[in-house]
Amino acid sequence: MPLQESSEDSVGLDYGQFFIHDVGTEFDITEFAGDAWFQTMDNCALILGMTSGMYASVKLELWSEPPDPVDPDDWSDDPISSQLFSEFGEICVSDVFLNTQTAYLLLGEEDTVWNVLAHRRPTSDSNYPEDYLFQFWKNS
């Protein structure tokens with residue numbers, strides 16, 4: 001099951017949270033009502049971190065079909081499965097305060113619903129105490 005593309009960067013954990021969203025889209029974070037650490041709504045996902053005021057390492061992956069399982073020894077938290085709509089076919093990661101956008105991933109298709117599997121784990125790095133992996137593939 002081939003990995004088609006990936007993007008990796010860091011993001012600030014302002015208020016212990018960050019976003020994945022369609023590039024160039026606006027959204028209202030008050031519309032997120034749940035308490036799960038990964039929540040999706042239309043063309044945006046809210047990620048609630050395990051810490052606050054630090055940074056997290058984030059990797060976005062595009063797969064041609066459901067991804068291979070990750071090593072459970074590497075990714076200890078249970079993954080969350082959801083769907084994300086992409087109007088423009090390109091997503092990114094952004095922080096809360098400055099809306100600094102990083103880790104751009106070209107999905108390649110506009111107006112498409114994508115499956116996403118979200119993983120997270122704590123690290124021993126005091127500056128980057130959390131790692132995240134988000135795997136996307138087309139909803140069939």
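Note that the numbering runs from 1 along the sequence shown for the chain. Only heavy atoms go into these numbers, but all of them, side chains included; no hydrogens, no water, no symmetry mates.
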Requested in this report: Only counting residues at least two apart or in another chain, list the ones meeting salt bridge (charged side-chain N to carboxylate O under 4.0 Å, His left out) with E61.
Outcome: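 If we apply the salt bridge (charged side-chain N to carboxylate O under 4.0 Å, His left out) test to E61, skipping adjacent residues, the hits are K59.
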
According to side-chain hydrogen bond (donor to acceptor under 3.5 Å, both in side chains), who are the partners of [X], at least two apart in sequence or on a separate chain?
{"X": "D22", "answer": "S86"}
{"X": "S82", "answer": "T40"}
{"X": "Q39", "answer": "none"}
{"X": "E130", "answer": "T51, Y132"}

Requested in this report: Only counting residues at least two apart or in another chain, list the ones meeting ring pair (Phe, Tyr, Trp, His ring centres under 6.0 Å) with F136.
Outcome: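 Here no residue qualifies.
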
Query - ring pair (Phe, Tyr, Trp, His ring centres under 6.0 Å) involving Y128 - partner list, sequence neighbours excluded - result: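 Scan of Y128 (ring pair (Phe, Tyr, Trp, His ring centres under 6.0 Å), adjacent residues dropped) gives Y55.
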
Requested in this report: Report the hydrophobic cluster partners of V113, with the cluster defined as I, L, V, M, F, W, Y residues connected by side-chain heavy atoms closer than 4.5 angstrom, directly or transitively.
Outcome: F85

Sequence neighbours excluded, which residues qualify as side chain to side chain contact (heavy atoms under 4.5 Å, CB included) partners of [X]?
{"X": "A103", "value": "S7, D9, L60, V93"}
{"X": "T112", "value": "E109, W114, K138"}
{"X": "Y104", "value": "V23, E90, C92, Q101"}

Report summary line: Quick note, salt bridge (charged side-chain N to carboxylate O under 4.0 Å, His left out) partners involving residues 45-56, not counting sequence neighbours, are none

Query raised in the report: How are the rings of F134 and F38 set to each other: parallel, tilted or perpendicular (split at 30° and 60°)?
Result: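 Answer is tilted, since the angle falls between 30° and 60°.
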
**Report entry** Evaluation steps, side chain to side chain contact (heavy atoms under 4.5 Å, CB included), between M50 and R120
**Finding:** CA-CA 9 Å; M50 296 177 275; R120 71 176 181 174; 3.5 Å; yes

